[in-house]
Amino acid sequence: MKTRKNSAKKSRWRLLHQYYSYTGFYSFVGKSMYKAILPIVLFVGIIVGIHFFVIDINDALEYATEHFPPLGVLSIFFVSESILGLIPPEIFIAWSGKTAHPSLYLALIAILSYLGGIVSYFEGRSIANIPRVFNYLEGSMSKHIKNMRKWGGLLIIVGATLPLPFAVSSVAAGIIKFPFRSYLAFGLLRFVRFLVYGIAIYGLL
């Protein structure tokens with residue numbers, strides 16, 4: 001009996017592997033990571049340039065923590081995470097590292113990012129009910145929507161964990177009316193990303 005169960009599990013994983021290979025999921029992740037590397041490199045390059053030629057980044061972050069109220073910074077971050085992830089989260093992770101309570105603010109921005117994704121999800125649900133907007137976005141986001149229909153939860157996991165806009169995956173999930181409970185469960189991996197990035201960035205600053 002155990003042998004049959006193990007073989008059934010193996011065959012199921014093989015079928016899934018074949019499906020994701022056939023539908024191009026692995027190549028999609030590879031291409032997405034490749035496209036994400038250039039902006040990350042540029043971002044790091046700009047930060048390094050500012051650090052050595054304009055102002056010490058640590059001094060800039062400390063200035064931000066002293067002169068900008070945390071509520072304002074957190075509000076800007078939440079709006080960004082709710083609208084296609086306009087500002088790189090890494091900036092806010094670095095900011096949290098210079099506050100009086102780094103762990104608290106890192107947890108807060110992780111929660112706000114998760115909530116921002118939920119807002120984006122319902123934006124997608126709302127868009128699906130507005131024909132003109134839906135038709136426009138269905139054209140501009142056609143590939144992402146098509147991929148969401150093919151891969152569903154895995155695409156949400158990719159958006160939650162990799163350096164890709166989580167809001168875009170969330171909007172696409174809302175547009176195709178991906179089950180909300182499943183979306184919430186897959187989206188929890190967003191917290192893992194912030195934990196890993198927080199540890200990495202705190203170590204550099």
Side-chain angles (χ1 to χ4, degrees), residues 28-123 144 154-173 183-205:
F28 167 78
V29 173
K31 289 177 182 177
S32 298
M33 287 297 296
Y34 178 78
K35 290 179 181 178
I37 287 174
L38 181 58
I40 291 173
V41 170
L42 288 174
F43 175 74
V44 172
I46 291 170
I47 294 297
V48 171
I50 292 173
H51 179 74
F52 285 104
F53 299 105
V54 181
I55 186 174
D56 187 283
I57 291 298
N58 289 294
D59 292 341
L61 290 171
E62 288 175 3
Y63 178 87
T65 58
E66 292 173 1
H67 293 81
F68 296 100
L71 181 60
V73 176
L74 294 174
S75 298
I76 292 171
F77 176 69
F78 178 67
V79 171
S80 171
E81 290 294 277
S82 302
I83 309 175
L84 303 181
L86 299 175
I87 306 174
E90 291 76 15
I91 294 175
F92 296 91
I93 295 174
W95 165 82
S96 69
K98 293 301 179 180
T99 61
H101 305 284
S103 298
L104 172 63
Y105 283 104
L106 179 63
L108 285 174
I109 61 175
I111 292 170
L112 289 175
S113 179
Y114 183 66
L115 294 176
I118 294 174
V119 171
S120 297
Y121 173 87
F122 283 106
E123 286 173 1
H144 215 85
L154 275 180
L155 197 61
I156 296 170
I157 291 172
V158 168
T161 56
L162 298 182
L164 303 169
F166 182 47
V168 175
S169 297
S170 300
V171 169
Y183 167 81
L184 291 177
F186 291 124
L188 286 172
L189 288 171
R190 190 68 172 166
F191 291 95
V192 176
R193 180 188 175 185
F194 276 83
L195 176 61
V196 173
Y197 275 51
I199 293 171
I201 292 175
Y202 288 0
L204 293 174
L205 295 176

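When a residue number appears, it is its place in the shown sequence, counting from 1.
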Could you check whether the rings of F77 and F194 sit parallel, tilted or perpendicular, using 30° and 60° as the cut-offs?
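The rings of F77 and F194 stand perpendicular, inter-plane angle above 60°.
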Do S120 side-chain atoms and S170 backbone N/O form a donor-acceptor pair below 3.5 Å?
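Answer holds: no.
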Would you name the heavy atoms of [X] and [Y] that are closest together and state the gap between them?
X: P102; Y: G97; result: CG-O, 3.9 Å
X: L112; Y: F78; result: O-CD1, 3.5 Å
X: P70; Y: W95; result: CA-CZ2, 4.0 Å
X: S96; Y: I109; result: OG-CD1, 4.3 Å
X: S82; Y: E123; result: O-OE2, 3.0 Å
X: I93; Y: G198; result: CG2-CA, 3.6 Å

Please lay out, stage by stage, how F92 and I87 fare under the test side chain to side chain contact (heavy atoms under 4.5 Å, CB included).
CA-CA 9 Å; F92 296 91; I87 306 174; 3.5 Å; yes
Output, in order, the C-alpha distance, side-chain angles, deciding distance and verdict of side chain to side chain contact (heavy atoms under 4.5 Å, CB included) for I111 and L115.
CA-CA 6 Å; I111 292 170; L115 294 176; 3.9 Å; yes
Not counting sequence neighbours, which residues clear side-chain contact (heavy atoms from CB on, under 4.5 Å) with V196? List them please.
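V196 satisfies side-chain contact (heavy atoms from CB on, under 4.5 Å) with V192 once adjacent residues are dropped.
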Could you point out which residue of Y114, F122, Y121 forms a ring pair (Phe, Tyr, Trp, His ring centres under 6.0 Å) with Y183?
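Only one of Y114, F122, Y121 forms a ring pair (Phe, Tyr, Trp, His ring centres under 6.0 Å) with Y183, namely Y121.
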[atom1] of [X] to [atom2] of [Y]: how many Å apart, nearest 0.5 Å?
X: F166; Y: E81; atom1: CZ; atom2: CD; result: 9.0 Å
X: L195; Y: R190; atom1: CG; atom2: CZ; result: 13.5 Å
X: I156; Y: S169; atom1: CD1; atom2: OG; result: 7.5 Å
X: L104; Y: T99; atom1: CG; atom2: OG1; result: 7.5 Å

Intermediate values then yes/no, side chain to side chain donor-acceptor pair (under 3.5 Å), R193 and T161
CA-CA 5 Å; R193 180 188 175 185; T161 56; over 6 Å; no
Side-chain heavy-atom pair F186, L154 within 4.5 angstrom cut-off:
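No, every pair of side-chain atoms sits at 4.5 Å or beyond.
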